[in-house]
Amino acid sequence: MSLKTSKKTIFRKNTPMKRIVEYVAEADYKSYREFLKEDFKGRCGYCDSFYGIVKKDYHIDHFVPRRLIKKFITHKHLENDYTNLVYSCPSCNISKSGKWISENPDIDLVDEEGFINPCSDNYTSLFYRDQTGAIKAVENNKTATYIHKELNLSLERHKVTWNIEQLVNLIENIEESPNPTLKETLSNSLLENLRTHFELVLKDDE
Ligand SMILES: [Zn+2]
């Protein structure tokens, strides 16, 4: 795939799917780390960065933030409820922190602004990648614009991580290809991608 020919690409290939975990009152949410890593396939639920490229320990984010959970006795279970946990890169977790559009855990959207469940196709469809691999909010969508801004999805690191992963995948395909013609085509594509990427990076710096 050449970055030059594809102007817009999908934000992420897969929407994460979480297993059903029976709620255990005395459980500690940190004990679900391995479940989360598996269910999210090692990818941040918010920006889709792969932990293998980011090379940093991922966090466990509370979708309804702990700040609010602590205020409402009726929602205390969300502290250790698997349905409220999101595998998250440090950047998205820190950006999201205690943010919530209302002071009511049950009201997640106000005038279409707020966070929606990242494990939903609706979340996946809020964003796309431009020709540089940067995450963009779809036009005229207040929810997309809100999340994009509040999670700092325009940060350079999200674009760089995505581009590195494309290059790593391409290199793996070249190495695994038994066909010399295909190998050459893929190698040319790799060079083209590298050139495009550096052109774009240089352009950004101007
Ligand atoms: Zn992230």
Worksheet entry | Working for salt bridge (charged side-chain N to carboxylate O under 4.0 Å, His left out), residues D39 and R19 | CA-CA 7 Å; D39 290 355; R19 71 191 75 193; 2.9 Å; yes

Practice prompt. Kindly indicate, with the supporting measurements, whether the criterion side chain to side chain contact (heavy atoms under 4.5 Å, CB included) is fulfilled by I147 and F127.
Written response: CA-CA 10 Å; I147 297 175; F127 310 105; 3.8 Å; yes

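- The cationic atom of K37 (NZ for Lys, CZ for Arg) does not lie both less than 6.0 Å from the six-membered ring centre of Y58 and within 45° of the ring axis.
- Using a distance-only test at 3.5 Å, with no hydrogens or angles considered, no donor-acceptor pair links the side chain of S189 to the main chain of T185.
- Checked against a 6.0 Å centroid threshold, the rings of Y29 and H62 count as neighbours.
- Side-chain contact check for R12 and T124: at least one donor-acceptor pair (N or O, by modelled atom type) lies under 3.5 Å.
- When only modelled atom types and interatomic distance are considered, D106 and H75 share a side-chain donor-acceptor pair under 3.5 Å.
- Between the side chains of T132 and D130, a donor-acceptor pair is found at a separation under 3.5 Å.
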Item to complete: Just do the side chain to side chain donor-acceptor pair (under 3.5 Å) check on S102 and N104 with the steps written out, would you?
Response: CA-CA 5 Å; S102 71; N104 181 340; 5.5 Å; no

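- Between the side chains of D61 and Y46, at least one donor N or O sits under 3.5 Å from an acceptor N or O.
- Geometric assessment of K8 against the ring of Y128 yields a positive cation-pi assignment under the 6.0 Å and 45° thresholds.
- Judged by distance alone, the side chains of D81 and T83 do bring a donor and an acceptor atom under 3.5 Å apart.
- Residue L186 is not grouped with residue V168 when hydrophobic side chains (ILVMFWY) are merged at heavy-atom distances under 4.5 angstrom, including chains of intermediate members.
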Item to complete: Take K71 and E103 through the salt bridge (charged side-chain N to carboxylate O under 4.0 Å, His left out) test and state the conclusion after the steps.
Response: CA-CA 9 Å; K71 274 170 73 174; E103 282 307 301; 2.8 Å; yes

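- By the 6.0 Å and 45° rule, K99 does not stack over the aromatic ring of F115.
- Cation-pi geometry between R43 and Y51 is not met: the NZ or CZ atom fails to fall both under 6.0 Å from the ring centre and inside 45° of the normal.
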Practice prompt. Would you sort out whether V138 and S125 count as a side chain to side chain contact (heavy atoms under 4.5 Å, CB included), showing the intermediate values?
Written response: CA-CA 8 Å; V138 296; S125 65; over 6 Å; no

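- In this structure, T145 OG1 and E150 CD are separated by 11.0 Å, a value rounded to the nearest 0.5 Å.
- In this structure, F11 has its ring center at least 6.0 angstrom away from the ring center of W162.
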